[in-house]
Each structure stands twice: as C-alpha cells, then as structure tokens.
Amino acid sequence: MIEIQRIKENKAEVIEGLKKRGIDSTKEIEQILLTDQEWRDEKTALQKLSANLNMISKQVGQCYSSGEREKADELKQQSVDLKKQESEQKVKVESLQKRLYQTILTIPNIPHSEVPHGKDADDNEVIFEYGESPGKDRAIYPHWDLAKTYGLIDFELGVKVTGAGFPFYKGKGAKLQRALISFFLDEAAKAGYEEYSSPLMVNEESGMGTGQLPDKEGMMYHVGSEDLYLIPTAEVPLTNMYRDVLLPNSDFSIKITGHTPCFRREAGSYGKDVRGLNRLHQFDKVEIVRIETPENADSALKEMIEHVKGLLQKLNLQYRILKLCGGDTGFAAAITYDFEVYSAGQQKWLEVSSVSRFDTFQSNRLKLRYKDAKKKSKLCHTLNGSAMALPRIVAALLENHQGVDGIKVPDALVRYTGFETIN
RNA sequence: GGAGAGGUGUCCGAGUGGUUGAAGGAGCACGCCUGGAAAGUGUGUAUACGCCGAAAGCGUAUCGAGGGUUCGAAUCCCUCUCUCUCCGCCA
C-alpha cells in the first residue's frame, strides 16, 4: 500500500512512475488527494465535537460531586444533542476513511527510476547472462522423459492421489529434492540468514499484510473449515512475523530464510507451459527475506542478487537475469529481477527466482516500523527473493546435465545427494 | 471437543462508572550525589492520527477485538478472539 504522504509530496512523480506500468492513474490519484482532504476536515470537526462532549461530561461529574443536580441535568440535556451530532459525524468520517483506504489499495507500487517502461514480458531487459547451453550434438530430452526413464517423478500417481500439478517424487528424485533444499538453506545460512520453519497456513490478516489479499484470492487455496489460507510462498509467514512490529532503533538488518512447500491454485493457467515440472500446484521453495532501513535496502538487493547468482553457478546452470519492465513488475514490488535458467530439453528459459524490493509498500500494510536516530517511527523496507524454487531447477538440472550414461549431479550437490549420477 | 480461570503500559501489578493515559513497583534514559561505582535521590519514560510544513503546544483515539448501555466505561451488558489449568482425543 502506497504511502499517502508520498502522493501528496510527489504527485507528478507518482503518476509518471505508474505510467511505466502502462496505467494512467491521474484520476485515482486526484481522487485520493481530494478524499484525504475531506477526511481530514471532517475528522477535525469530529474531534472538536468529541472534545466538547468530553468537557461536558467532566462538568457533569463535577456538578454531581458538588451537589448541583439541576445544573447537571441541564448539561446532560445539552450533551444529548451533541452526541447525536458526534455519532453522525463519526459515520461520515469512517465512510470517508474507508473510501480512501479502498482507493489507495488499488494503486500498485511505484516503479523505481531504473525500471524500464514496458507492458509485458517482451519488454524485460536481459542484464546478465552466464554459462553455455550443452550443445546440440546429441539428443537432448525434456525432463519429463528423463524423469520417467530414471524413475524420478511420477506425475500420473499424483493425478490419481490428488490431481494434476501434485507430482510424487521418488527414489533419487525425492533425494534430489531433499538435497537441493538442504543446499539452499545451508548457503543462505552461510550468507547470514537465520533459518525458520514456518506454518504452512496463514490467517486472513497475514494474507492482507503481504498483499495476497484482498485482491488475489484466486492464487491461494482456502481452507474453509478453519478460514485459513495455504501459503503460496514462504514470504507470507516469514514477512508477517514482523506485522505490527516497531523496532526500537535503526541498527538492524533482518535476514531470514525458510523452506516451505508452496501452494498455488494457478487458476486459469492451463494450456501450454504446464507440462512436467513447469507449473505445479504444490512445489518446494527456499525463500530469503530481508527487513532493512531505507538506506540499506539497495545494498541488500544487490547482495541478494549475488547470492542467487552464486547458487546457480554452483549448480552449473546456464542462466540469465532480467530486469522486469514496469508492466511485468508485480503489484507490490518497486523493482524486480527475475532469474531464468535455460532448459535445454525444452529449449526455453524458465523462471526460477524473483528478487524484489518492496520499499515501504508492504511495511505500510504490515505496520512494520523502526525508530530512526531522531526517535521518529519510520516504515521499514522489505525485500524478498526465491533462493530458490525447486521444480524448475530440477527440470534444468536433469535436462542440462544429461549425458549418454545418465545425469551428472553438480559437484556442490554431491555431498547432499550422496550420489554423483542418476542412471 | 467438555469444564474452569484470565487477557491492563517495556515487564510485574493495582484498579467494579466521574480530571485514569491509567496507582505502585521494576526496568530504561538523563541529572544530582561519589575519586569511581553501588546505594540514595530528582526528572523523564507508549502508539497512531488531527490542528500545521517542522518543533513546541493542544486535541482525539487506544486497558485482547468489535458492538451496546450511559452525560461519562479499563470498570456494567452482548458477541468474538487469544492464553492458561484440568479432562477427552491425538502425531
């Protein structure tokens, strides 16, 4: 949720920034400013009424204790009318506030200055590339074939037991999952992130806090009997730990990580690109989350990018980094870098990580603040990134490291898998 | 799931209708005292919003959440929620 203060101070800049997302929000922004002013005026009026009422009540009390009953009754009479006014005014203020809030909720985060204009994925900028594709001098199979050949993943069994998008991993496939999770968590720990194992269901407030609700209900599974949501990413529980938190000073850098399964309904995304591991309803992911002061947010983002680069390089995967254009940047993010690995068997790029800065967009909703040097409360900055999502990494590992005598496990992973090849 | 108890400020804890944002204590901060420290002593010690752009100041709201009664609610009533204890069930 964007800070209203920011709109007030930099209206033109906000409108200009949002144009990068391909939206003209002039009308909404004007509406917000107007409603805010109106709300403020009415609120002041309300407070004056309340102050009056409080004063009279006090006097009534004093009259009673000094025995002036008639005067007290008189005052009471007065307050009845005032009270009616007050409650009407209250309704007015509340409805204005609600309207204001609801309009602000529809405004996405303002893209950073370096975010390119553009409307969809085609306008994203490739800013970094690494590695080479395995070449085409021999047959390269897609991962679903390899998974079958080596008995690593059983998609049909998943369909039988649960439904499409819920595969079973087995044997070395299952072991590979576990190895990757441990590898990612250990690397995060080395980089200073504290590991958490979190709840996999969250309540409505948490969904609101990180912005999945109220808009994107379609993304999360909802457990009706308990009114809880299955998490679509560890970002939700990990960030919401800090909901309604006021950090006592500006001397902090909170780095947390956690592995969780992630559940996504992916409603309406059937069709192409869903084959094999490309898009699942349940998958495992290791997430990194940071809570920083505004001053440190930028260097934190850079560190996170370096961290993810390191992971991919240790896994010997060909990858590239995209700076997302305005139109492709998520609602809550101010800037996002996507990491894509090359999937040799499918001959396409697969997104495996997304690293974003949210500035104060999340913390504003979360009420996550800190005290600055002048003891003033300020909103923290939040950042997060996948480090990383497993299925597509698995797909790329299988496809890119396949050879005539099996699939070679990257050296960095061998101590976790306990085997060097899958054959 | 059943029965009971309870949610007050950073913490402990008082408070059953009238200057209670809230006694008292602890902690913390600053000052005095001291050669230095402890003890002692004095002062201060929430958040959000509004009046206003900042500070000071003033106002409003906040005693788990929401609603109600009342001129006035931490205190009375209702609903919800969470925690604790006992019983049941269970990895």
Side-chain angles (χ1 to χ4, degrees), chain A residues 1-13 32-104 197-209 223-229 237 240-252 261 360 363-380:
Chain A
M1 184 168 75
I2 186 167
E3 291 171 87
I4 190 146
Q5 201 57 30
R6 185 156 170 206
I7 301 181
K8 276 197 225 167
E9 283 164 8
N10 309 297
K11 186 171 86 176
E13 200 182 299
I32 287 171
L33 290 176
L34 242 95
T35 312
D36 178 63
Q37 189 54 52
E38 199 182 341
W39 169 73
R40 212 171 271 278
D41 293 344
E42 299 298 346
K43 172 133 184 168
T44 305
L46 171 65
Q47 292 187 343
K48 280 190 181 138
L49 284 171
S50 303
N52 250 323
L53 218 41
N54 285 346
M55 206 177 67
I56 291 175
S57 297
K58 242 171 225 176
Q59 284 172 3
V60 171
Q62 278 161 10
C63 288
Y64 272 123
S65 56
S66 64
E68 301 171 79
R69 294 204 69 100
E70 323 78 52
K71 197 174 166 199
D73 287 339
E74 208 176 293
L75 286 167
K76 272 199 208 176
Q77 206 52 41
Q78 263 184 50
S79 70
V80 171
D81 189 48
L82 262 178
K83 207 190 159 190
K84 209 177 132 210
Q85 283 183 47
E86 190 207 27
S87 62
E88 281 167 10
Q89 187 67 18
K90 206 184 217 164
V91 171
K92 210 192 248 179
V93 169
E94 273 164 11
S95 85
L96 278 169
Q97 188 174 22
K98 200 171 159 198
R99 189 175 357 139
L100 183 61
Y101 184 68
Q102 279 169 349
T103 317
I104 292 177
S197 180
S198 82
L200 304 182
M201 292 198 252
V202 295
N203 56 29
E204 188 180 346
E205 294 83 76
S206 295
M208 295 285 248
V223 180
S225 57
E226 311 297 327
D227 198 15
L228 294 172
Y229 296 86
N240 271 285
M241 293 195 290
Y242 284 88
R243 175 152 48 83
D244 291 319
V245 167
L246 176 57
L247 298 163
N249 56 52
S250 57
D251 182 23
F252 64 89
T360 58
S363 59
N364 193 22
R365 276 214 218 184
L366 289 163
K367 294 202 188 67
L368 165 53
R369 295 158 301 158
Y370 70 99
K371 292 271 197 192
D372 70 7
K374 289 180 192 152
K375 291 280 176 201
K376 280 202 68 165
S377 304
K378 292 178 73 177
L379 292 170
C380 300

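Note that the structure is a prediction, hence the values are computed from the model and not measured. Lettering of chains follows the sequences in order, A, B, ..., and the numbering in each one begins at 1.
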Checklist entry - What distance, rounded to whole Å, do you find between the two C1' atoms, one in B/G21 and one in B/A73? => result 14 Å
Checklist entry - Which ranges of RNA chain B pair up as stems, where a stem means three or more consecutive Watson-Crick or G-U pairs with both distances under 3.5 Å? => result B:1-7 with B:81-87, B:10-12 with B:24-26, B:27-32 with B:40-45, B:46-51 with B:57-62, B:64-68 with B:76-80
Checklist entry - Between atom NZ in A/Lys378 and atom C1' in B/A48, what is the gap in whole Å? => result 18 Å
Checklist entry - In residues 88-101 of chain A, which ones come under 4.0 Å of RNA chain B, going by heavy atoms? => result none
Checklist entry - Using atom P of each nucleotide, how far apart are B/A22 and B/G59 to the nearest Å? => result 12 Å
Checklist entry - Just checking A/Ser57: base, sugar-phosphate only, or nothing, at a heavy-atom cut-off of under 4.0 Å? => result base
Checklist entry - Whole Å only: how far is the NZ atom of A/Lys58 from the C1' atom of B/U19? => result 5 Å
Item to check | Interatomic distance at P, B/U75 relative to B/A65, whole Å | outcome: 11 Å
Identify all side-chain donor-acceptor contacts of residues 200-207 of chain A below 3.5 Å with residues at least two apart in sequence or on another chain.
{"residue": "A/Asn203", "atom": "OD1", "partner": "A/Glu205", "partner atom": "N", "Å": "3.4"}
{"residue": "A/Asn203", "atom": "OD1", "partner": "A/Ser206", "partner atom": "N", "Å": "3.1"}
{"residue": "A/Asn203", "atom": "OD1", "partner": "A/Ser206", "partner atom": "OG", "Å": "3.1"}
{"residue": "A/Ser206", "atom": "OG", "partner": "A/Arg243", "partner atom": "NH2", "Å": "2.9"}

Item to check | Any side-chain donor near an acceptor of the partner, A/Gln85 and A/Gln89, under 3.5 Å | outcome: no
Checklist entry - For atom P, what is the distance between B/C87 and B/C11, given to the nearest Å? => result 31 Å
Item to check | Value in whole Å for how far the C1' atom of B/U19 lies from CD of A/Gln62 | outcome: 7 Å
Item to check | Atom P, compared across B/U85 and B/G15: separation rounded to whole Å | outcome: 24 Å
Next on the checklist: Rounding to an integer number of angstrom, what distance separates B/G24 and B/G31 when you compare their C1' atoms?
Outcome noted: 23 Å
Item to check | Separation between the C1' atoms of B/U19 and B/C12, rounded to whole Å | outcome: 27 Å
Checklist outcome for this item: Per-nt protein contacts along nucleotides 49-66 of chain B (heavy atom under 4.0 Å; B base, S backbone sugar-phosphate only, - none) come out as BBS-------BBS-----
Next on the checklist: If you count every heavy atom of other residues, nucleotides or ligands that lies below 6.0 Å from A/Gln77 atom CD, does the total exceed 12?
Outcome noted: no
Checklist entry - With a non-hydrogen cut-off below 4.0 angstrom, is A/Leu246 in contact with a base, only sugar-phosphate, or nothing? => result sugar-phosphate
Item to check | Between P of B/G18 and CG of A/Leu53, the distance in whole Å | outcome: 18 Å
Next on the checklist: Say we look at B/G9 and B/U69: how far apart would their P atoms be, to the nearest angstrom?
Outcome noted: 28 Å
Checklist entry - What pairs with A/Glu38 under side chain to side chain contact (heavy atoms under 4.5 Å, CB included), at least two apart in sequence or on another chain? => result A/Leu96
Checklist entry - Within the structure shown, what part of the strands sits under 4.0 Å from A/Lys367 by heavy-atom distance: base, sugar-phosphate, or nothing? => result nothing
Item to check | salt bridge (Lys or Arg N to Asp or Glu O under 4.0 Å): pairs with one or both residues in residues 85-102 of chain A, sequence neighbours excluded | outcome: A/Glu42-A/Lys92
